[in-house]
Amino acid sequence: KGVMLDQASAVKVQIFSGKAVKEGSSFVVPVELRSVMAGREFLNASASIHLVPGLPSAPPALDRTDLATEAYPSSPDEVYSDLLFHGPDFQGIEEIEGSSADGMIARTRTAPAPSQWIAQPLRTAWLTDPLAMDVSFQMMILWCIEHRGAGSLPCFAGRYRQFRTAFPKDGVRIVARVKDVSDPQVRVDFDFLDAEDGVVARLEDFECVTSASLRSAFRRKRLEPHAPNPAPASAEARSLPRSKD
């Protein structure tokens with residue numbers, strides 16, 4: 001469940017972590033993102049984080065020989081003006097190298113220091129680059145508009161692996177390979193590559209959901225006051241101990 005924002009009220013967001021459980025040479029920690037809206041608490045997202053003694057070796061890059069067979073019809077300026085809703089901070093796409101029915105390749109800049117986006121950041125540098133990650137989601141919006149005739153929103157990620165301590169400051173190339181389309185869902189793998197095509201990170205089994213109604217919502221590009229969408233009590237998970245990280 002996404003965190004819902006409107007113009008009239010603030011939303012309290014909390015991050016919780018459970019007990020680390022040893023599995024082989026690593027530890028697995030369950031985490032949850034929760035928010036409080038209209039006096040009710042909702043589970044927005046959950047994941048398992050694997051803590052390891054060292055970064056894994058990078059795998060070979062995904063095959064991309066058939067992903068840029070067609071020139072993308074719009075420039076980055078046109079994309080952010082006509083198709084996407086993102087403001088200046090998240091307009092990271094520098095070039096869309098091409099697309100096909102099997103995926104898309106694009107170049108993106110990476111995020112500035114956390115202090116430029118957050119008043120009191122917990123860290124001085126990003127562990128995973130939030131702008132590059134968001135651009136991968138933006139690419140799927142564009143791919144879905146081009147090949148499915150509808151916008152999309154992210155709903156699931158199978159696993160994420162990063163093979164370096166930080167993303168390159170000069171940006172990355174993102175390779176999106178579509179694995180499966182079963183309307184309304186699309187499943188994709190992403191590679192984040194450096195200038196020498198080395199794999200910086202990989203996001204596997206990402207899923208997004210397409211909906212024709214998103215096109216008009218994206219065009220508004222601003223928050224609309226609305227009543228929160230309550231979820232049934234069964235959607236409110238209580239699986240983690242209440243120790244806040």
### Message
Any salt bridge linking Asp205 with Lys179? Criterion: basic side-chain nitrogen under 4.0 Å from a carboxylate oxygen.
### Response
yes
### Task
Could you walk me through whether Glu41 and Gln14 pass the side-chain contact (heavy atoms from CB on, under 4.5 Å) test, one step at a time?
CA-CA 10 Å; Glu41 183 179 277; Gln14 295 176 301; 4.1 Å; yes
### Query
Does Lys1 offer a backbone N or O that forms a donor-acceptor pair with the side chain of Asn44 under 3.5 Å?
yes
#### Entry: Side chains of Val36 and Phe42 in contact at under 4.5 Å (non-hydrogen atoms)
no
### Query
Is there a donor-acceptor pair under 3.5 Å between the side chain of Glu78 and the backbone N or O of Ser75?
yes
### Query
What closest approach, in Å, do Ala68 and Ile105 show between heavy atoms, and which atom pair accounts for it?
CB-CD1, 4.1 Å
### Query
Are Val31 and Val29 close enough that some pair of their side-chain heavy atoms sits under 4.5 Å apart?
yes
### Query
How far apart are the closest heavy atoms of Phe192 and Ala132, and which atoms are they?
CE2-O, 3.6 Å
### Message
Is the shortest side-chain heavy-atom distance between Asp189 and Leu203 below 4.5 Å?
### Response
no
### Query
Can you name the nearest heavy-atom pair linking Trp126 to Ala113, along with the distance?
NE1-C, 4.0 Å
### Query
Linking I/L/V/M/F/W/Y whenever their side-chain heavy atoms sit closer than 4.5 Å, directly or via other members, would Val188 and Leu67 fall into one cluster?
no
### Query
For Val79 and Ser74, which heavy atoms make the closest approach, and how far apart are they?
CG2-CB, 4.0 Å
### Query
In chain order, what residues pass the salt bridge (Lys or Arg N to Asp or Glu O under 4.0 Å) check against Glu97, with sequence neighbours excluded?
Arg107, Arg173
## Note on the structure
Applying side-chain contact (heavy atoms from CB on, under 4.5 Å) to Arg161 and not counting sequence neighbours gives Arg159, Phe163
#### Entry: Val199 side chain near Leu193 side chain, heavy-atom distance below 4.5 Å
yes
#### Entry: Phe27 side chain near Val21 side chain, heavy-atom distance below 4.5 Å
no
### Task
Hey, could you give me the CG/CD1 distance between Leu33 and Ile15, rounded to the nearest 0.5 Å?
6.0 Å
### Query
Please walk me through it: do Val186 and Thr210 pass side-chain contact (heavy atoms from CB on, under 4.5 Å)?
CA-CA 8 Å; Val186 179; Thr210 61; 4.3 Å; yes
#### Entry: Residues Arg164, Asp194; criterion salt bridge (charged side-chain N to carboxylate O under 4.0 Å, His left out); working and verdict
CA-CA 11 Å; Arg164 303 184 190 180; Asp194 63 16; 2.5 Å; yes
### Query
Nearest heavy-atom pair of Asp66 and Thr69: which atoms, and what distance?
O-CG2, 3.6 Å
### Query
With a 4.5 Å limit on heavy-atom distance, are the side chains of Val11 and Val3 in contact?
yes
### Query
Does any non-hydrogen side-chain atom of Arg202 lie less than 4.5 Å from one of Tyr160?
no
### Message
So Arg177 and Asp102, do their side chains get closer than 4.5 Å, heavy atoms only?
### Response
yes
### Message
Can a donor-acceptor pair be found, under 3.5 Å and without considering hydrogens, that links the side chain of Gln162 to the backbone of Leu127?
### Response
yes
### Summary
Here the gap from Leu131 atom CG to Gln91 atom CD, rounded to the nearest 0.5 Å, amounts to 10.0 Å
### Query
Would you say the side-chain atoms of Glu32 pair up with the backbone N or O of Ala47, donor to acceptor, closer than 3.5 Å?
no
N/O donor to acceptor pairs below 3.5 angstrom from side-chain atoms of residues 53-63, sequence neighbours left out:
{"from": "Asp63", "atom 1": "OD1", "to": "Thr65", "atom 2": "N", "distance (Å)": "3.3"}
{"from": "Asp63", "atom 1": "OD1", "to": "Thr65", "atom 2": "OG1", "distance (Å)": "3.2"}

### Query
Can you name the residues that form a salt bridge (Lys or Arg N to Asp or Glu O under 4.0 Å) with Asp129, not counting sequence neighbours?
none
### Query
Any donor and acceptor pair, going by atom type alone, linking the side chain of Ser26 with main-chain N or O of His50 inside 3.5 Å?
no
### Task
Give a yes or no on whether Lys22 atom NZ has more than 12 heavy-atom contacts from other residues, nucleotides or ligands under 6.0 Å away.
yes
### Task
Name all residues meeting the side chain to side chain donor-acceptor pair (under 3.5 Å) criterion together with Thr124; count only those two or more places apart in sequence or in a different chain, and write none if there are none.
none
### Query
Are any side-chain N or O atoms of Ser35 and backbone N or O atoms of Val13, one a donor and one an acceptor, separated by less than 3.5 Å?
no
### Message
Donor-acceptor check, side chain of Thr108 to backbone of Glu94, threshold 3.5 angstrom: yes or no?
### Response
no
Show me the donor-acceptor pairs, under 3.5 Å and distance only, between side chains in residues 136-157 and residues at least two apart or in other chains.
{"from": "Ser136", "atom 1": "OG", "to": "Met133", "atom 2": "O", "distance (Å)": "2.5"}
{"from": "Gln138", "atom 1": "OE1", "to": "Tyr80", "atom 2": "OH", "distance (Å)": "2.6"}
{"from": "Gln138", "atom 1": "NE2", "to": "Phe90", "atom 2": "O", "distance (Å)": "3.0"}
{"from": "Gln138", "atom 1": "NE2", "to": "Asp134", "atom 2": "OD2", "distance (Å)": "2.8"}
{"from": "Trp143", "atom 1": "NE1", "to": "Ser100", "atom 2": "O", "distance (Å)": "2.9"}
{"from": "Glu146", "atom 1": "OE1", "to": "Ser99", "atom 2": "OG", "distance (Å)": "3.0"}
{"from": "Glu146", "atom 1": "OE2", "to": "Ser99", "atom 2": "OG", "distance (Å)": "3.3"}
{"from": "His147", "atom 1": "NE2", "to": "Ser100", "atom 2": "O", "distance (Å)": "3.1"}
{"from": "Arg148", "atom 1": "NH2", "to": "Asp183", "atom 2": "OD1", "distance (Å)": "3.0"}
{"from": "Arg148", "atom 1": "NH2", "to": "Asp183", "atom 2": "OD2", "distance (Å)": "2.8"}
{"from": "Ser152", "atom 1": "OG", "to": "Met140", "atom 2": "O", "distance (Å)": "3.4"}

